[in-house]
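Read the structure below first, then the notes.
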Amino acid sequence: MNPTEHTLWVSVIIVGFVVVVAVAALLSLLIYLIKRIDGRVDTIGATLTAAKANTAETVLIPQVATGVDAVLAEGLQHHLFLGRVLGKVKS
Amino acid sequence: MTVLVVLTVIVIAALIAGLAVYLYWAGTLLDRIGAKLEGAAELVRGIVSDAELIGPGVEHINETGGVVAGALPLLYGMAEGIVAGVTPAAPRPEVPEVARPASGTRRSRLLASVGYRPELSRTYAPDSRNSMITKVTHRISARTIRDHGTRAARADRS
């Protein structure tokens, strides 16, 4: 092996180490970003869990609507009753 | 040369090992994130199914509540009419007596001065409250006329 080839080989090995270090740095950055995403996904999950707990009671809304309908029906009965009584009182 | 070969092998092995370790690590983290996102998607679907009940339910409640709120004043009016019809009417307040001066009623000479005699009028009421006043007025009027006649006779004689 002549000196030129030796020098080139050594240079290639050095460049290879640099590439390994650069790849390790970039993958470390990737891992850091993935961990940030993981933390924010945890935050989103907690927020969605709270929102689900808040909206879990919406099944009561149709029941409330049914109750309000019952109030309206009872009010109509009161209207009929008061109409009959008012007619008798005025007569 | 052997050293160079070894170093080359080490570089290649380090590159492969680093890539493998980091990619496995990243894969594990991404897999966990995917599982969390899948759970979040389930939560979002649950929230959507819960929220679908809000719109029609609130609209129904609003409509029915509006009808109830509009009918309540009518019920109030009917109830007040019933109460007003059932409650016995309170006695009407008596009209207070007309205030009169403490010094008594002043005698009027207007009727006598024009020769008006209330006893000849159809409105004359001797039992009324003013009958005594009328009698006194007539008596005084007669006395005044008589005195006037006496003074006139004296003047004729003189």
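Computed from a predicted structure; not experimentally measured. Naming convention: chains lettered A, B, ... in sequence-line order (proteins, then strands); numbering from 1 in each chain.
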Check [X] against [Y] and note the closest heavy-atom contact, atom names and distance.
X	Y	value
B:Gly57	A:Ala65	O-CB, 4.3 Å
A:Leu48	B:Ile47	O-CD1, 3.6 Å
A:Ile61	B:Val58	CG2-N, 3.9 Å
B:Leu43	A:Gly45	CD1-O, 3.8 Å

For chain A, which of B:Ile54, B:Leu75, B:Asp50 has the most heavy-atom pairs under 4.5 Å?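 Among B:Ile54, B:Leu75, B:Asp50, the one with the most close pairs to chain A is B:Asp50.
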Sort out for me which of B:Val86, B:Asn62, B:Leu30, B:Val21 touches chain A most, counting heavy-atom pairs under 4.5 Å.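 Top option by heavy-atom pairs under 4.5 Å: B:Leu30.
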Cluster link [X] to [Y], ILVMFWY, side chain under 4.5 Å:
X	Y	value
B:Leu4	A:Leu8	no
A:Val10	A:Ile13	yes
A:Val19	A:Val12	no
A:Tyr32	B:Leu29	no
B:Leu19	A:Leu33	no

When rounded to the nearest 0.5 angstrom, what is the spacing between [atom1] in [X] and [atom2] in [Y]?
X	Y	atom1	atom2	result
A:Arg84	B:Met78	CZ	CE	10.0 Å
B:Ile82	A:Leu86	CD1	CG	5.0 Å
B:Lys36	A:Ile37	NZ	CD1	11.5 Å
A:Asp42	B:Arg32	CG	CZ	7.5 Å

Can you tell which part of [X] gets under 4.5 Å to a heavy atom of chain B, answering side chain, backbone, both or neither?
X	answer
A:Ser28	both
A:Val64	both
A:Thr66	neither

Is [X] close to chain A through its backbone or its side chain, or both, or neither, when contacts mean heavy atoms under 4.5 Å?
X	value
B:Ile10	side chain
B:Leu74	side chain
B:Ala26	both
B:Val83	neither

Do the side chains of [Y] and [X] get nearer than 4.5 Å, heavy atoms only?
X	Y	result
A:Leu27	B:Trp25	no
A:Trp9	B:Val5	yes
B:His60	A:Val68	no

Give a yes or no on this: more than 12 heavy atoms of other residues, nucleotides or ligands lie within 6.0 Å of atom CD of B:Glu59.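 No, the 6.0 Å shell around CD holds no more than 12 heavy atoms from other groups.
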Quick one: which of A:Val85, A:Leu30, A:Asp69 has the most heavy-atom pairs under 4.5 Å with chain B, could you say?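 The candidate making the most pairs under 4.5 Å is A:Asp69.
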Could you tell me whether the side chain of A:Thr58 and the main chain of B:Leu53 form a donor-acceptor pair under 3.5 Å?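 Checking the backbone N and O of B:Leu53 against the side chain of A:Thr58, no donor-acceptor pair under 3.5 Å is found.
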